[in-house]
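Have a look at the structure below, then the notes.
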Amino acid sequence: MKLIICEKDNAAKRIASILSDDDMTVEKVGRVPVYRFMWEGEETCVMGLRGHIIELDFPKGMSSWEGTDPRSLIDARPVKNVSEHSIATKLKELSGEASSILVATDFDREGELIGSEAVEMALGDLEDKRVFRARFSSLTPDEVRSSFNKLTRLDLALANAAETRQVIDLVWGATLTRFISLASGRLGHAFLSVGRVQSPTLALLVDREKDIRAFEPVPYWRVEARFERDGITFDGTHLDGDIHDKVRAALLFSRVKGASEGMVTSVTKRNRTEKPPVPFNTTQFIRAANSSGYSAARIMSIAEDLYTRGFISYPRTDNTVYPKGLDLRKTLETLSQGPYRVHCEQLLSRETLVPSRGEKETTDHPPIYPTTFASKDELGPERFKIYDLVVRRFLATLNDPARIEITSLKIDVLGEPFSSSGSVLTYPGWRSVYDPGEKDEPPLPVLSMGDGLNVSDVSLSDKETKPPKRFSQGSLIQEMERLGLGTKSTRHEIIQKLIQRRFVEDNPTRPTLSGEALIGSLEKHAKHITEPVMTSRLEQDMERIAGGELAQSSVLMESREMLHSIMDVLEEHKAVIGSDINGALRSQDIVGKCPRCGNDLLVVRSMRGKRYVRCSKYPNCSRSYPLPQKGKVSFTSEQCPNCKSPMMMLYRRRGAPFATCMNMECPSRKQKDEAGATGGAPDV
DNA sequence: GCAAGGTC
């Protein structure tokens with residue numbers, strides 16, 4: 001029996017169907033399907049893994065954070081634990097009968113390691129002569145068949161490179177995470193974490209926040225006017241544009257103030273073509289979907305769901321070029337229903353279809369595109385929103401460029417020149433189906449030189465330069481990609497992790513005090529882990545390991561030495577690190593003054609994990625307040641006028657947030673409760 | 001209760 005091993009069930013099913021010409025049986029014991037058929041005269045089984053089926057960890061004896069010197073983790077030998085037991089069992093069972101094993105995992109570095117893990121588990125020997133490797137860049141019949149016709153061997157150097165990354169990430173991550181948590185006494189649920197990807201990502205947000213804080217706005221002025229002709233109004237600006245000299249601005253304004261008429265002195269038109277957008281990779285997909293208000297993690301979870309239901313292609317991809325094997329015409333035919341019908345038919349009537357293409361062409365997966373038609377009723381509003389975006393983007397990539405006519409006017413107002421511009425979509429092309437999310441200038445009335453205009457609202461407007469913008473989750477993911485941080489599959493998870501650990505608040509994405517304190521300390525004493533260079537350096541080393549120029553052992557040795565010297569510095573400053581972080585964290589937890597004794601009130605968690613507020617002088621002062629356990633709460637610096645307890649803002653699922661006193665016994669609160677405005681607060 | 005990378 002031949003055993004074919006794939007990275008996931010979906011790929012297993014597809015490969016089995018291609019090799020068997022759809023003549024196969026499925027056997028499903030537990031949650032692990034196995035596809036059986038006859039292939040080249042031999043019984044063949046195909047099974048899918050679930051990505052990595054083993055996980056690196058430290059030996060059991062080192063699992064206690066308090067009882068282990070973090071530094072001892074550096075030279076510890078990580079152990080491999082099975083993380084997918086049902087898969088492992090099935091794999092061992094089938095490999096017992098196998099005369100050969102064909103590794104058909106994804107054609108990338110992690111795929112090589114995932115395949116190697118499976119072989120190690122199945123046969124205990126990576127160099128076993130019964131093991132072969134099939135490499136295909138897309139799951140099309142031609143590609144798959146030809147890859148199985150020219151089987152090669154596992155690339156152990158490539159797998160080694162991936163394993164090196166695993167070890168370095170675990171050793172650095174665990175050592176620094178435990179050290180920082182121990183140094184600041186933040187253990188259990190409140191631990192602080194450090195990692196090669198998460199820390200530089202958090203540092204991006206902290207740096208941006210610092211830039212915003214340090215930003216000093218520069219004032220400037222604009223002389224503006226509103227024009228009207230034939231009932232159509234439009235705005236114009238003095239030709240000097242942004243004026244940085246207040247005196248000059250005032251002078252210009254004084255010349256035109258109170259004007260009631262203007263005259264068109266020039267009309268110029270030019271045409272601009274706007275190329276269709278390129279096919280969706282994960283980053284651009286998240287960025288486009290992010291404007292819907294969903295978090296990156298939520299978007300990916302919806303995409304995952306659409307993928308497993310067969311509505312869209314694989315959502316984790318870096319590819320922005322449709323592969324040759326993708327039948328665009330057939331895809332259009334299946335989509336040609338409901339709201340997409342007109343667009344599809346229009347495209348299908350063409351002799352040739354020329355899709356747009358992005359800069360990055362990879363071979364693992366196609367760009368994200370719709371695979372089947374689905375209606376809004378079938379998907380529900382939330383899923384449909386994401387699906388509709390994918391369909392429209394796909395249709396846009398096959399469509400013509402849009403043409404826009406831009407009109408620029410020059411207008412004389414009491415001898416001063418003003419300008420205005422407007423645009424008209426003269427040929428919508430791809431814009432008829434896809435909204436690029438940018439606002440166009442409104443159109444202007446039809447005008448010619450010498451035409452008179454009514455002028456109103458001549459104004460001198462005060463402006464100031466704006467600080468840099470905070471990252472949205474979409475733009476953060478784009479920046480991570482640019483810097484090489486994380487992968488298409490992990491970037492959204494990293495952001496989610498930073499939010500869960502309370503280093504980052506979403507919406508808008510900004511660091512919390514603990515996030516800032518953590519990065520502040522790391523930048524001072526262990527700068528390397530907060531910089532993207534660590535990742536690019538690791539990438540270089542991995543390439544050299546894969547190319548046979550470097551040994552895994554020497555890279556690991558160097559990495560461990562480096563971490564030792566970082567730990568030298570950290571240990572020397574352990575006390576300062578602890579007090580720096582704790583100082584910042586304490587101020588994060590202070591919500592107001594205790595009305596009983598005047599000391600700080602703190603937000604804390606009870607032994608059972610419930611949040612509440614208590615006096616910092618507990619047990620000397622026993623004043624405490626319950627908090628609602630669900631939903632967001634924020635604290636204002638105000639006191640209740642009735643009882644002097646601190647005020648808080650409650651954010652509800654529906655309706656606007658509202659301010660209330662923390663004191664359940666307060667008369668002001670009683671009225672609100674009767675009105676049904678608050679949820680129940682728990683006992684603490 | 002540590003990382004980041006696969007996948008569900």
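Just so we're on the same page: letters track the sequence lines, and every chain starts at 1.
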Among residues at least two apart in sequence or on other chains, which ones pass side chain to side chain donor-acceptor pair (under 3.5 Å) with [X]?
X      : value
A:T68  : none
A:R482 : A:E479
A:N319 : none

Just call it for [X]: base, sugar-phosphate, or nothing, with non-hydrogen atoms closer than 4.0 Å on any strand.
X      : value
A:R196 : sugar-phosphate
A:V194 : sugar-phosphate
A:Q198 : sugar-phosphate
A:E7   : sugar-phosphate
A:R501 : sugar-phosphate
A:Y314 : sugar-phosphate

By a strict heavy-atom criterion of less than 4.0 Å, which residues belonging to [range] are in contact with DNA chain B?
range                       : value
residues 48-81 of chain A   : A:R50, A:G51, A:H52, A:E55, A:L56, A:D57, A:F58, A:S63, A:S64, A:W65, A:E66
residues 484-500 of chain A : A:G486, A:T487, A:S489, A:T490, A:E493, A:I494, A:K497
residues 529-554 of chain A : none
residues 296-309 of chain A : A:E304

Taken in chain and number order and not counting sequence neighbours, the residues that satisfy side-chain contact (heavy atoms from CB on, under 4.5 Å) with A:D207 are A:K210, A:E523
In short, salt bridge (Lys or Arg N to Asp or Glu O under 4.0 Å) pairs touching residues 4-14 of chain A with sequence neighbours left out are A:K8-A:D106
Residue pairs meeting salt bridge (Lys or Arg N to Asp or Glu O under 4.0 Å), one or both in residues 168-182 of chain A, sequence neighbours left out, come to A:R165-A:D169, A:D169-A:R196
[X] side chain to [Y] main-chain N or O, any donor-acceptor pair under 3.5 Å?
X      : Y      : value
A:T490 : A:E493 : no
A:T371 : A:G310 : yes
A:S83  : A:I53  : yes
A:Q473 : A:A296 : yes
A:S199 : A:V194 : no

Expected list for residues 538-547 of chain A: side-chain donor-acceptor pairs under 3.5 angstrom, two or more places apart:
{"residue": "A:E539", "atom": "OE1", "partner": "A:R109", "partner atom": "NH1", "Å": "3.3"}
{"residue": "A:E539", "atom": "OE1", "partner": "A:R109", "partner atom": "NH2", "Å": "3.4"}
{"residue": "A:E539", "atom": "OE2", "partner": "A:R109", "partner atom": "NH2", "Å": "3.1"}
{"residue": "A:R544", "atom": "NE", "partner": "A:E549", "partner atom": "OE1", "Å": "3.4"}

Residue pair A:R165/A:G188 against DNA chain B: nearer the 5' end by closest nucleotide is A:G188
Parallel, tilted or perpendicular: which describes the rings of A:F394 and A:Y369, with under 30° parallel and over 60° perpendicular? tilted
*May I ask you to check whether over 12 heavy atoms, not counting those of A:R153, lie within 6.0 Å of atom CZ?*
yes
Taking NZ, NE, NH1 and NH2 as the nitrogens, is one of them in A:E516 or A:R510 under 4.0 Å from a carboxylate oxygen of the other? no
Next on the checklist: Could you check whether A:R537 pairs with A:E531 (Lys NZ or Arg NE/NH1/NH2 to Asp/Glu carboxylate O, under 4.0 Å)?
Outcome noted: no
Outer limits of DNA chain B sitting under 4.0 Å from a non-hydrogen atom of chain A, read 5' to 3', are B:dG1 to B:dC8
